[in-house]
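Position 1 is the first residue of the sequence, and the numbers go up from there.
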Amino acid sequence: MGPPVRGAARPAPRAFARAVAAVADAPEGPVLVHCAAGKDRTGLVVALALSLVGADVDALADDYEITNQRLAPRYAERFELADEAVPGREIPPARHVILGALEHLRTQHGSVEAYLSRAGLTPGHVRALRARLVG
């Protein structure tokens with residue numbers, strides 16, 4: 001199986017399109033994107049939104065790696081508390097995961113925008129997202 005983020009994008013394109021649309025449609029002001037752990041699904045939603053508006057993919061990967069480093073103590077604590085073997089005890093990979101996910105979407109769908117558009121993101125959402133995030 002591929003990297004977790006890439007795998008996460010496959011079964012739920014509509015959920016990712018809805019999440020990016022929610023950011024585009026949100027009232028003026030800050031937008032909070034979160035999930036249970038706040039890294040893989042959240043990271044992919046943010047990476048999708050930012051890549052739609054032309055953010056540098058290396059900068060996205062850097063941010064994802066920093067998040068992974070900051071969550072390392074949480075992973076370590078969880079593993080120490082576990083009484084039984086936990087699959088994937090190592091801290092999940094970082095930089096190459098988000099880069100692989102974005103590359104996978106480009107390879108399989110032509111672009112991030114095409115992936116999200118097929119799942120319901122409209123050109124209006126993309127325009128609103130660009131206005132919100134780029135100005």
Side-chain angles (χ1 to χ4, degrees):
M1 180 166 194
V5 172
R6 181 172 55 197
R10 245 181 271 143
R14 286 190 188 120
F16 284 106
R18 282 193 309 267
V20 171
V23 173
D25 291 341
E28 189 175 325
V31 176
L32 174 66
V33 178
H34 66 88
C35 69
K39 188 175 75 66
D40 291 336
R41 289 170 295 218
T42 301
L44 187 54
V45 168
V46 172
L48 293 171
L50 291 175
S51 67
L52 277 174
V53 301
D56 178 65
V57 293
D58 285 324
L60 296 174
D62 291 345
D63 187 62
Y64 191 75
E65 178 128 359
I66 290 168
T67 300
N68 200 57
Q69 291 167 358
R70 290 187 177 154
L71 287 173
R74 178 189 282 180
Y75 288 117
E77 181 179 308
R78 186 181 322 157
F79 298 148
E80 286 173 14
L81 295 174
D83 290 336
E84 55 190 58
V86 177
R89 270 188 184 245
E90 70 282 349
I91 294 171
R95 182 179 186 76
H96 73 276
V97 172
I98 202 70
L99 292 173
L102 294 171
E103 181 59 29
H104 173 77
L105 294 178
R106 279 188 219 96
T107 300
Q108 297 298 309
H109 302 278
S111 68
V112 168
E113 187 169 349
Y115 167 76
L116 293 171
S117 294
R118 287 184 191 115
L121 193 72
T122 68
H125 288 124
V126 175
R127 284 190 299 276
L129 196 61
R130 285 190 178 118
R132 172 183 279 285
L133 299 177
V134 179

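- The salt bridge (charged side-chain N to carboxylate O under 4.0 Å, His left out) contacts involving residues 42-59 comprise Asp58-Arg95, where partners must be two or more places apart or lie in separate chains.
- For the salt bridge (charged side-chain N to carboxylate O under 4.0 Å, His left out) test, residues two or more places apart in sequence or in another chain that qualify with Arg106 are Glu103.
- Considering only residues two or more places apart in sequence or on other chains, Arg118 meets the side-chain contact (heavy atoms from CB on, under 4.5 Å) condition with His109, Ala114.
- The list of side chain to side chain donor-acceptor pair (under 3.5 Å) pairs with a residue in residues 22-31, not counting sequence neighbours, reads Asp25-His125.
- Taking each heavy atom of Ala128 and Ala24 in turn, the nearest pair found is CB-O, 3.8 Å.
- Counting all heavy atoms, side chain and backbone alike, Ala17 lies closest to Gly120 at CB-N, 4.4 Å.
- Residues satisfying the side-chain contact (heavy atoms from CB on, under 4.5 Å) test with Ala26, not counting sequence neighbours, are Val31, Arg132.
- The stretch residues 42-54 participates, sequence neighbours left out, in no salt bridge (charged side-chain N to carboxylate O under 4.0 Å, His left out) pair at all.
- Note that CD1 of Ile98 and OG1 of Thr67 are 9.5 Å apart. Values are rounded to the nearest 0.5 Å.
- Listed by chain and residue number, Glu113 satisfy the side-chain contact (heavy atoms from CB on, under 4.5 Å) test with Ser117 (two or more places apart in sequence, or in another chain).
- Scored by the salt bridge (charged side-chain N to carboxylate O under 4.0 Å, His left out) test, Glu65 finds no partners at all (sequence neighbours excluded).
- Considering Leu52, Leu129, Val126 in turn, Leu52 is the only one that fulfils the side chain to side chain contact (heavy atoms under 4.5 Å, CB included) rule with Leu116.
- Judged as a side-chain contact (heavy atoms from CB on, under 4.5 Å), and not counting sequence neighbours, the contacts of Arg70 are Ile66.
- In plain terms, the two heavy atoms of Leu133 and Ala49 that are nearest each other are CD1-O, 4.2 Å.
- Side chains of Leu105 and Leu48 form a contact here, defined as non-hydrogen atoms less than 4.5 Å apart.
- Note: Tyr64 OH to Leu99 CG = 10.5 Å, rounded to the nearest 0.5 Å.
- Inter-residue side-chain proximity for Leu102 and Leu60 is flagged as met; some heavy-atom pair is nearer than 4.5 Å.
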